[in-house]
Amino acid sequence: MTDETPKRSNFITDIIDEHNRIGRFDGRVHTRFPPEPNGYLHIGHAKAIVLDFGIAQDYGGKTNLRFDDTNPVKEDVEYVDAIKADIRWLGFDWEDREFYASDYFEQLYEWAIKLIKKGKAYVDELSPDETREYRGTLTQPGKNSPWRDRPIEESLDLLARMRAGEFEDGSITLRAKIDMAHPNPLMRDPVMYRVLHAEHHRTGKAWCIYPTYDFTHGQSDSIEGITHSMCSLEFENHRPLYDWFIQELEIFAPQQIEFARLNLTHTVMSKRKLRRLVEAGLVDGWDDPRMPTLVAMRRRGYPPAAIRAFIDTVGVAKSENFIDVELLEHIIRDTLNETAKRRMAILNPVKVIIDNYPEDKEEWFDIPDFPYDANSATRKVPFSREIYIEADDFMESPPPKYFRLCPEREVRLMNAYYIKYKDIVKDEEGNILEIHVTYDPESHGGQTADKRKVKGTIHWVSARHAVDAETKLYEQMFLDKYPEDLPEGENFIDHFNKDSIEVLQAKLEPSLAEAEIGEVFQFVRDGYFTLDPLTSTPEKPSWIRTLSLVDSWAKMQK
RNA sequence: UGGGGUAUGGUGCAAUGGUAGCACACCGGACUUUGAAUCCGUUGAUCGUGGUUCGAAUCCAUGUACCCCAGCCA
């Protein structure tokens with residue numbers, strides 16, 4: 001990937017620098033991104049991805065993609081394909097290092113036997129409920145299972161029979177023998193294997209016992225020679241356990257480093273909650289443009305480079321954080337401002353008739369894609385007697401400082417002519433049918449020889465040439481800044497912003513008929529737009545507003 | 001009443017014993033053929049209390065607040 005950002009520097013790179021200084025990993029930096037294929041990736045995962053891949057890149061190291069697929073009942077290939085597509089879209093490459101924890105099932109099984117033989121693991125016949133009771137509480141120690149000291153040979157035999165399918169789900173487990181009184185409950189003889197008669201998306205029916213995440217993750221890192229294993233804060237409590245397994249197994253020891261995950265205002269980030277929005281039908285799916293998922297952001301026209309830049313600017317630390325979604329939007333706009341060609345489109349059209357412009361005349365202006373770039377390419381835009389302008393760009397009795405079309409003001413039609421209000425035609429209810437104006441033929445191109453000042457510039461589309469298209473405008477899914485932090489008894493799902501989508505029938509300049517999927521344009525004075533890759537067709541174009549422009553006029557009105 | 005973490009402007013991140021800085025947001029102003037962008041400027045912070053030191057966000061003591069852990073989820 002292009003080197004667009006300076007080398008990252010944060011508490012993680014401090015640790016790596018220290019390792020390099022003392023020679024702990026011989027200068028190697030090898031990371032991994034370890035998703036569970038049980039859902040779609042969201043912007044929070046993007047933080048992990050950018051950190052895992054980005055830091056390795058900065059140090060000339062490598063990053064593995066490893067699916068942590070130890071729970072067959074929740075996982076599916078559908079998700080592995082989607083996850084791979086998202087990571088590629090973000091701009092990262094794991095080359096040939098695509099791994100699965102399930103690749104290590106046989107090795108893990110051998111290691112389980114090794115621990116039994118060392119007297120460090122035993123087969124336990126406590127039920128799930130009993131296991132919980134025996135574990136104790138946060139403040140009280142647990143007590144030993146009656147099976148804890150059974151003979152090694154017996155455990156070995158039982159484990160083999162577990163694998164052979166002799167036991168029901170939940171009836172028996174393999175547990176590590178650590179310390180039932182340990183202050184960290186994760187160290188109180190954690191389960192290593194459970195019986196699960198379920199088909200796995202990769203290993204099929206080969207197994208009916210599956211290792212737990214805790215008995216898998218650290219060893220998977222070890223097998224792959226991972227040096228720095230980044231994960232989120234809640235796994236800090238697990239680190240002593242991973243280290244215990246690694247030490248007892250006498251295998252390569254990676255360094256786990258925990259960081260605070262990303263939270264965004266005005267949205268929810270947990271897979272469970274996102275799934276609820278989908279299942280409740282409040283959004284169209286995981287790729288609904290309002291969702292914080294990467295599929296949604298891609299569909300919406302967010303550039304992956306902007307997402308990377310966003311992650312770099314929010315930084316990384318160990319304190320819980322909530323990023324204002326405005327920062328994300330700022331960086332998206334910042335990127336798009338550089339790359340999006342300018343076009344004219346009218347979302348809420350009102351017709352304007354230029355009385356002194358000949359009825360049969362039409363002109364084609366060459367208008368630059370990037371008006372501030374002297375070398376910009378141009379496109380042809382037709383002009384004629386009848387045009388559309390935004391309904392907001394005309395007011396009969398405007399407030400002070402209203403610079404758009406109104407009875408007492410001359411305004412500029414962008415790149416075309418100056419016009420002046422003449423009169424107005426309304427229907428019986430008072431709705432504006434058409435606005436009549438006159439134009440100044442001397443103002444061709446939007447300026448005059450006398451250099452007179454025209455404060456307002458509005459955009460327009462020739463009525464005769466306009467292309468019809470649906471446009472979809474989105475707002476935040478939640479008006480609440482922290483939709484997960486609600487008063488007692490309230491449910492986040494009831495706070496969903498039902499007005500977060502608005503569909504309009506717009507009039508576009510004709511060049512937009514040639515737009516391609518994936519291209520993002522700036523519809524001048526409104527926002528950034530892209531064709532909906534899922535629903536748009538040449539016959540029925542459908543545009544998504546990626547993001548509106550900052551509207552300081554609207555802000556002033558408040 | 002266990003253990004593990006974290007506290008710096010509204011938000012996020014820096015400053016690693018020596019002038020508390022950057023970004024977003026906010027508020028002013030300039031410019032403008034996008035009320036965008038750009039440019040300039042103004043507010044505003046070290047969780048509390050003691051201590052060490054010429055000097056503390058940083059070191060020590062103590063207190064407080066918040067987060068995580070009692071799945072055979074990850």
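Within every chain, numbering begins at 1; the chains are lettered A, B, ... in the order of the sequence lines, protein sequences first and strands thereafter.
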Partner residues of Pro141(A) under the side chain to side chain contact (heavy atoms under 4.5 Å, CB included) criterion, sequence neighbours left out: Ala181(A)
Contact pattern, 5' to 3', of nucleotides 68-74 of chain B - B, S or - by protein heavy atom under 4.0 Å: BBBSBSB
Gap between atoms CZ and C1', on Phe310(A) and C13(B) respectively (whole Å): 12 Å
Whole-Å P distance, U42(B) and U49(B): 30 Å
Criterion salt bridge (Lys or Arg N to Asp or Glu O under 4.0 Å) against Asp189(A), the qualifying member of Arg175(A), Lys177(A), Lys120(A), Arg148(A): Arg148(A)
Derivation of the salt bridge (charged side-chain N to carboxylate O under 4.0 Å, His left out) call for Asp366(A) and Arg379(A): CA-CA 6 Å; Asp366(A) 288 307; Arg379(A) 84 282 186 183; over 6 Å; no
Salt bridge flag under 4.0 Å for residues Glu75(A) and Arg202(A): no
Touch class at under 4.0 angstrom, heavy-atom based, for Gln447(A) against every strand present: base
Rounded interatomic separation in angstrom, taking CD1 from Ile331(A) and P from C13(B): 14 Å
N/O donor-acceptor pair, side chain Tyr528(A) with base A36(B), under 3.5 angstrom: no
Partners meeting ring-ring contact (aromatic ring centres under 6.0 Å, His included) with Trp460(A) (sequence neighbours left out): Phe383(A)
Pairwise C1' distance, C22(B) and G9(B) [rounded to whole Å]: 12 Å
Flag if over 12 foreign heavy atoms under 6.0 Å of CD, Glu125(A): yes
Watson-Crick or G-U stems of RNA chain B, 3 or more pairs, under 3.5 Å, by first number: B:2-7 with B:64-69, B:10-13 with B:21-24, B:27-30 with B:38-41, B:47-51 with B:59-63
Carboxylate-amine/guanidinium proximity below 4.0 Å for Glu36(A) and Lys271(A): no
Protein-nucleotide distance (Ile12(A), atom CD1; C13(B), atom C1'), rounded to Å: 13 Å
Residues in salt bridge (charged side-chain N to carboxylate O under 4.0 Å, His left out) contact with Arg525(A), at least two apart in sequence or another chain: Asp393(A)
Phe370(A) CZ to U34(B) C1', straight-line distance once rounded to whole Å: 14 Å
ring-ring contact (aromatic ring centres under 6.0 Å, His included) involving Phe33(A) - partner list, sequence neighbours excluded: none
Arg21(A): partners by side-chain hydrogen bond (donor to acceptor under 3.5 Å, both in side chains), with sequence neighbours left out: Glu18(A)
Between G28(B) and A36(B) - P atom distance, rounded Å: 13 Å
Pairwise C1' distance, G2(B) and A61(B) [rounded to whole Å]: 23 Å
Touch class at under 4.0 angstrom, heavy-atom based, for Tyr210(A) against every strand present: nothing
Protein-nucleotides 25-30 of chain B N/O pairs closer than 3.5 Å?
{"unit_1": "C26(B)", "atom_1": "OP1", "unit_2": "Lys555(A)", "atom_2": "NZ", "d": "3.1"}

Gap between atoms CE and P, on Met344(A) and U34(B) respectively (whole Å): 13 Å
Separation of A36(B) P from Met556(A) CE (nearest whole Å): 10 Å
Closest-nucleotide ordering on RNA chain B, the 5'-leading residue of Arg239(A) and Tyr418(A): Arg239(A)
N or O in side chain of Arg342(A) less than 4.0 angstrom from U34(B) OP1/OP2: no
Distance between P atoms of C47(B) and U43(B) (Å, rounded): 22 Å
Phe403(A) over G35(B), stacked by centroid distance under 5.5 Å, angle under 30°: yes
Anti or syn - G71(B), cut at 90° from 0: syn
Shortest non-hydrogen contact between Pro128(A) and Gly170(A), atoms and distance: CD-O, 3.3 Å
Whole-Å gap separating P (U34(B)) and CD1 (Ile367(A)): 13 Å
Arg404(A)/Glu390(A) ion pair, N-O < 4.0 Å: no
G41(B) versus G5(B) - spacing of their C1' atoms, nearest Å: 41 Å
Any residue of residues 451-462 of chain A with a heavy atom less than 4.0 Å from an atom of RNA chain B: Lys455(A), Thr457(A)
Heavy-atom side-chain contact between Gln522(A) and Leu336(A) under 4.5 Å: no
C1' gap between G29(B) and G35(B), integer Å: 15 Å
Nearest-Å distance once atom C1' is located in both G17(B) and C69(B): 36 Å
Touch class at under 4.0 angstrom, heavy-atom based, for Val316(A) against every strand present: sugar-phosphate
Sugar-phosphate only, base, or nothing, as touched by Val314(A) at under 4.0 Å among non-hydrogen atoms: sugar-phosphate
Spacing of Leu413(A) atom CG relative to U34(B) atom P, expressed in whole Å: 14 Å
Distance-only donor-acceptor test, Gln522(A) side-chain atoms vs U34(B) base atoms, 3.5 Å: yes
Set of ring-ring contact (aromatic ring centres under 6.0 Å, His included) partners for Tyr439(A), sequence neighbours left out: Tyr357(A), Tyr417(A)
Closest-nucleotide 5' rank along RNA chain B - winner of Phe322(A) and Thr139(A): Thr139(A)
By salt bridge (charged side-chain N to carboxylate O under 4.0 Å, His left out) - contacts of Arg545(A) (at least two apart): Asp526(A)
Nucleotide nearest Ser319(A) when distance is taken to its side chain, options A14(B), A36(B), A7(B): A7(B)
Those residues that, when tested against Tyr122(A), pass ring-ring contact (aromatic ring centres under 6.0 Å, His included) (two or more places apart): none
